[in-house]
Amino acid sequence: SKLNIRSILTDMDKEVWYATNYNGAYIQHLDLTVSHITKKNGLKKNSLTQIHKDRSGNLWIGTSGSGLVKLGTKAFTYFDNINGLNSPSIFSIVEDNNSNLWVATGDDGIYKYNGETTIHYNESNGVKGKSVRSAIKDQNGNLWFASDEGLYKYANGSFKRYTTAN
C-alpha cells in the first residue's frame with residue numbers, strides 16, 4: 001500500500017522519521033531497519049501532519065485530530081488542556097532562538113508555547129486568517145508563516161504581513 005508522507009525529519013542520531021497521513025510514523029535506523037509507531041504504541045490517531053525535534057531532543061508530532069503530541073523516552077504526552085496545542089489540525093511546528101515552540105494550525109492561527117503556557121496570535125494581535133499551513137525559521141532567527149491571508153514574518157516581537165500588494 002502507498003504511504004502518504006506528510007513530513008520528514010533527520011534527527012541528531014541521523015535516523016530518518018516519516019510522519020504519514022494514515023499510518024503513524026516510521027523511523028529508519030542507521031542499520032536500515034525500520035520501526036513503526038501507531039495507535040498500538042500509544043498514538044491516539046495515526047493521522048500525522050508534522051514532526052519536529054527541538055534542541056533539547058524532544059520529538060513533537062502534529063496530528064490531524066489529536067493536537068500536539070510530545071514523544072518522550074517511554075511515553076506520549078498529549079496537550080489536551082493547553083489552549084492551541086489541542087487544535088484538531090496542526091500543520092507546522094518551528095522552534096525559535098529562545099526555545100519556544102510555534103504551532104501553526106489549520107483552523108485557529110498561531111500559538112507560541114514556552115513549555116508551560118501559550119500565546120495565541122490572531123487578528124487582535126497581528127495575524128489575519130485562521131489557516132496557517134507552514135512555518136520556518138530563517139538564518140537570522142526570524143520566523144516565517146504561510147497563511148490563507150499572506151506571508152507573515154515574526155521579528156523583534158511583532159508580525160509583518162506580506163501580500164501581492166507589497
Side-chain angles (χ1 to χ4, degrees), residues 4-9 11 17-22 24-25 37 39 42-72 75-166:
N4 186 341
I5 297 172
R6 295 286 188 91
S7 181
I8 300 173
L9 165 83
D11 68 16
W17 293 72
Y18 304 91
T20 71
N21 194 29
Y22 305 108
I37 299 172
K39 288 168 65 174
L43 284 174
K44 287 185 182 178
K45 292 192 174 190
N46 286 333
S47 184
L48 310 182
T49 57
Q50 180 69 18
I51 197 159
H52 173 81
K53 200 155 207 178
D54 68 22
R55 66 179 60 146
S56 298
N58 298 306
L59 188 74
W60 298 87
I61 301 169
T63 70
S64 180
S66 296
L68 188 68
V69 181
K70 180 179 172 184
L71 177 57
F76 293 95
T77 303
Y78 289 87
F79 296 89
D80 299 337
N81 298 319
I82 297 180
N83 191 31
L85 304 187
N86 57 2
S87 170
S89 56
I90 292 178
F91 285 123
S92 197
I93 306 164
V94 66
E95 184 178 9
D96 67 19
N97 288 340
N98 296 317
S99 298
N100 296 302
L101 280 187
W102 293 73
V103 177
T105 71
D107 56 2
D108 202 20
I110 300 167
Y111 287 85
K112 177 182 168 184
Y113 178 58
N114 67 6
E116 295 179 13
T117 59
T118 59
I119 297 173
H120 184 205
Y121 292 95
N122 55 26
E123 286 197 42
S124 68
N125 56 4
V127 178
K128 283 180 110 179
K130 293 187 174 200
S131 183
V132 182
R133 296 285 178 161
S134 187
I136 63 163
K137 180 175 76 171
D138 69 21
Q139 68 272 16
N140 297 318
N142 301 310
L143 302 179
W144 294 85
F145 298 91
S147 83
D148 57 348
E149 292 286 335
L151 181 67
Y152 287 89
K153 176 183 175 184
Y154 183 83
N156 304 316
S158 65
F159 285 93
K160 179 175 181 179
R161 181 174 167 225
Y162 297 90
T163 65
T164 55
N166 61 355

*Determine whether more than 12 heavy atoms belonging to other residues, nucleotides or ligands lie under 6.0 Å from atom NZ of Lys45.*
no

_Consider side-chain hydrogen bond (donor to acceptor under 3.5 Å, both in side chains). Of Asn21, Thr20, Thr49, which one does Arg6 pass it with?_
Asn21

*Determine the minimum heavy-atom distance between Arg55 and Asp96, stating which atoms define it.*
NH2-O, 3.1 Å

*Within 6.0 Å of NZ in Lys44, more than 12 heavy atoms from elsewhere*: yes

*So among Thr105, Ile119, Thr117, which one has a side-chain contact (heavy atoms from CB on, under 4.5 Å) with Tyr111?*
Thr105

*Which pair of non-hydrogen atoms, one from Ser92 and one from Ala135, has the smallest distance, and what is that distance?*
OG-N, 2.9 Å

*asked:* Going by salt bridge (charged side-chain N to carboxylate O under 4.0 Å, His left out), name the residues that satisfy it together with Lys112, two or more places apart in sequence or in a different chain.
replied: none

*How about Lys53: does its NZ atom have over 12 heavy atoms from other parts shown lying under 6.0 Å from it?*
yes

*Please name the residue in the list Trp102, Tyr162, Tyr154 that meets the ring pair (Phe, Tyr, Trp, His ring centres under 6.0 Å) test with Trp144.*
Tyr162

*Among Thr63, Asp107, Asp108, side-chain hydrogen bond (donor to acceptor under 3.5 Å, both in side chains) partner for Ser87*: Asp107

*Looking only at non-hydrogen atoms, find the nearest pair between Gln50 and Phe91 and report the distance.*
OE1-O, 3.5 Å

*asked:* Rounded to the nearest 0.5 Å, what separates atom CG in Leu85 from atom OG1 in Thr77?
replied: 12.0 Å

*Is the Tyr113-Phe79 ring centre distance short of 6.0 angstrom?*
yes

*asked:* Within this structure, what is the NZ-CD distance for the pair Lys130 and Glu123, rounded to the nearest 0.5 Å?
replied: 8.5 Å

